[in-house]
Number of protein chains: 2
Amino acid sequence: MAMSGSSPTINDVARIAGVSKKTVSRVINRSPLLKEATREKVEKVIAELGYTPNPQARALALRRNFLLGLLHDNPNAQTVLNFQEGVLDAIRDTEFALVVRPVDRRSPDMLEDIRNFLEVQRLYGVLLLPPISENDELAELCRDMGCGYVRMGSAALDTSEHLVQSNDREVVESVIDYLVELGHRRIGLIEGPSGFRSAAERREGFRAAMKRHGLEVPETAVAQGNYRFDSGVEAANKLLQGDTQITALFASNDEMAAGAYHAAREKGIAVPGQLSIVGFDNSPIAAHIWPPMTTVSWPIREMAKSAALKLIDPGSDGAKPSTFPARLVTRDSVGPPPPTT
Amino acid sequence: MAMSGSSPTINDVARIAGVSKKTVSRVINRSPLLKEATREKVEKVIAELGYTPNPQARALALRRNFLLGLLHDNPNAQTVLNFQEGVLDAIRDTEFALVVRPVDRRSPDMLEDIRNFLEVQRLYGVLLLPPISENDELAELCRDMGCGYVRMGSAALDTSEHLVQSNDREVVESVIDYLVELGHRRIGLIEGPSGFRSAAERREGFRAAMKRHGLEVPETAVAQGNYRFDSGVEAANKLLQGDTQITALFASNDEMAAGAYHAAREKGIAVPGQLSIVGFDNSPIAAHIWPPMTTVSWPIREMAKSAALKLIDPGSDGAKPSTFPARLVTRDSVGPPPPTT
DNA sequence: ACGAAAAAGGAAACCGGTGTCAAAACGATT
DNA sequence: AATCGTTTTGACACCGGTTTCCTTTTTCGT
């Protein structure tokens, strides 16, 4: 009775509405076998009391928590944080909460750790960010544990309902088109680490476009990095040395592109005067570096929202995989190739 | 009996060990009034079965979840993410999980939203990141709701056990000492937004050191930003215009310092040749920008870990406020002032 | 108007733990 | 051996929901 502080329970609602708790439960769960009048009566009481079902109790009864998990091993802070924001967009005003779990994909115990985590926390579902979203054993683990999951990826990795992706390949092709149109012929690539689907997609986009334009891609015009700044420096040093004569360069992410800036600067190569650079991600560094970097932006926040909705309300966002369009953001790191060949 | 898949419960343990579930509960909770023999017997069964208490059930019974919340409205992704890692360090191998909740401190509903969130999720405790860690109403709300909390801050804001802080002021003083030692006399300040304790601390450190060296700080040598890149550009433009003749500049965070780089570049001012710049935070951009930026690094991950420990195990990390030392990271954005005055 | 089927609602058990309080076991004393 | 005061332990209710199963009510065909 004295309810200062402690929130009303389903029993309070039932008593005041003059029905059984099961009926209240039915209202909460939108059971279809309820008379409209009853529903309204109960809903009125719920509204009056400001009743919210206790997630802990539901979690216990349903053997399933109202928690969405974000599993990631992501080198890029901004990406992860944007993703978190997107998930929050989806669960705002619901009883769901977001729990985060950074993992170490190089640890041999990763799967075991995650299994433990899932077993203990009994999450409603998990969101898998690249690169671990590409781990098939992990997806299988989720299935085994009866835990919903959605993989973020840049290509088809799974059946329909578990996937949210972007069109990396196409947009990289258009990046190359853009460079070629400006007159570039010798274009270099800093690709991402093997094992990353996104890296493969972007590389394929690059190769396809070059081929379409009848341009060669010599060995020396390609270098591999690991998506981190330092590896970008190193890769660019390789690309820029000797006689390659590259006039433009596409890096598979912004951090490596920033590394390329660094390498160019050390070598006294002007950007974009002597070398045009395009990155990928549109992370803050792209806007903050000098000159501001032309890069590819993908709608991570929207993708995250969609992924979360797939988990908590499969009806709304559907069983089909969702593909979100990335787009080129032109700033000042691209120009025509230098006149003297 | 058939326990494929579903994990064992306290009942299984009790039955097999031949004791009551309450006794098992006592073992789990390290109750001191247990006979050693009983404890061992039960623990053996627990180990054999690989039993883990179900957090949902405990949450229901205790009216308190095993969830730590991270409340933030932070402009810096890397800071937030590092903080998350630190919390994870603390709760690894415990039953705790970390839930994140970005908030909007400019929203008039913020407190109401948070109240709702706390009421529904019944968190074990929350970690408050700057700037909302400085909101006293919020701290009071936590107390009201019976929710543990720890504030991250750069100065005393609360009583002892609720605080983890850094020594911003001192370290900024040492930054200025360093610049003065190199020969700088006209040093500019880009300060952070009003309302941020950290901004005030850093400003005071700056002013104290300048005063100690007998150096003036004219109006025109100070500009205010909001901790974001663009505001850094703007502030630096103000500082660098006309006749100020500043030879060095301290920005209250790295993003604004990066903005100052940008402004300098646009004006054709060489860094560090004509202008030395020091930032604060040691965020990735400091290492990636050109030239690599001298900045202040503070041990956010350790601070986060300490904060989390304060919540989940007040015994271990103690009731006293913890202060963690920040330190200067010297890179290439600082040099002696230009010879021609 | 009647009986049968369908719809609506309720009682009680259950999810897996913890709290309360009384009972049992134990040790020391007499 | 009986008594008493501590430890230890257990029975049972409870946390706030859901599920199962059964009863009551409504609807409808004939």
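Proteins come first, then strands; the chains are lettered A, B, ... in the order of their sequence lines, and each starts at number 1. The structure displayed is predicted, hence computed values, not measured ones.
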| message | Testing the 3.5 Å rule here: is there a donor-acceptor pair between the side chains of A/Y51 and A/T9? | response | no

| In terms of side-chain heavy atoms, does A/T323 have a donor or acceptor partner in A/Q165 at a distance below 3.5 Å? | yes

| field | Spacing of A/N54 atom CG relative to D/dG16 atom C1', expressed in whole Å | value | 6 Å

| query | CZ of B/R64 versus P of D/dG16: gap in Å, rounded? | reply | 16 Å

| field | A/S7 and B/R122 side chains, donor-acceptor separation under 3.5 Å | value | yes

| said: How many whole angstroms separate atom CD1 of B/I46 from atom C1' of C/dG16? | reply: 14 Å

| task | Specify the separation, in whole Å, of atom CZ of A/R122 and atom C1' of C/dG17. | result | 12 Å

| request: Check every strand shown and say whether A/F66 touches a base, only sugar-phosphate, or nothing at a heavy-atom separation below 4.0 Å. | output: nothing

| field | Of B/N82, B/L81, B/V80, the residue whose pairing with B/I300 passes side chain to side chain contact (heavy atoms under 4.5 Å, CB included) | value | B/N82

| Is A/R39 salt-bridged to A/E36, going by a charged N under 4.0 Å from an acidic O? | yes

| task | Round to a whole Å and report the spacing from CG of B/N11 to P of C/dG17. | result | 7 Å

| Minimum side-chain heavy-atom gap A/V164-A/K310 below 4.5 Å | yes

| Taking the nucleotide of DNA chain D with the closest heavy atom to each, which residue, B/S20 or B/L62, is nearer the 5' end? | B/S20

| message | Whole angstroms only, please: what is the NZ-C1' distance between B/K22 and D/dC14? | response | 12 Å

| So does A/R58 pair up with A/E95, basic N to acidic O under 4.0 Å? | yes

| request: Please state whether the rings of A/Y149 and A/H162 are parallel, tilted or perpendicular, taking 30° and 60° as the class boundaries. | output: parallel

| task | Could you state the atom-to-atom distance from CG of B/L60 to P of D/dC14 in whole Å? | result | 14 Å

| said: For a quick check, tell me whether the side chain of B/K21 and the base of C/dG17 share a donor-acceptor pair closer than 3.5 Å. | reply: yes

| query | Contact class for B/V24 vs. all strands (heavy atom < 4.0 Å): base, sugar-phosphate, or nothing? | reply | nothing

| said: Near DNA chain C, counting only heavy atoms under 4.0 Å, which residues of residues 25-41 of chain A show up? | reply: A/R26, A/L33, A/L34, A/K35, A/T38

| Closest to side chain of B/R58, choosing from C/dG16, C/dT18, C/dG10 | C/dT18

| said: Tell me the interatomic distance from B/Q56, atom CD, to D/dT18, atom C1', rounded to whole angstroms. | reply: 15 Å

| In degrees, rounded to 10°, what is the bend between the two ends of the helix from C/dA1-D/dT30 to C/dT30-D/dA1, using five pairs at each? | 50°

Please list, one pair per line, the donor and acceptor atoms closer than 3.5 Å that link side chains of residues 98-111 of chain B to other protein atoms, with sequence neighbours excluded.
| from | atom 1 | to | atom 2 | distance (Å) |
| --- | --- | --- | --- | --- |
| B/D104 | OD1 | B/R106 | N | 2.9 |
| B/R105 | NH1 | B/D73 | OD2 | 2.9 |
| B/S107 | OG | B/D109 | N | 3.0 |

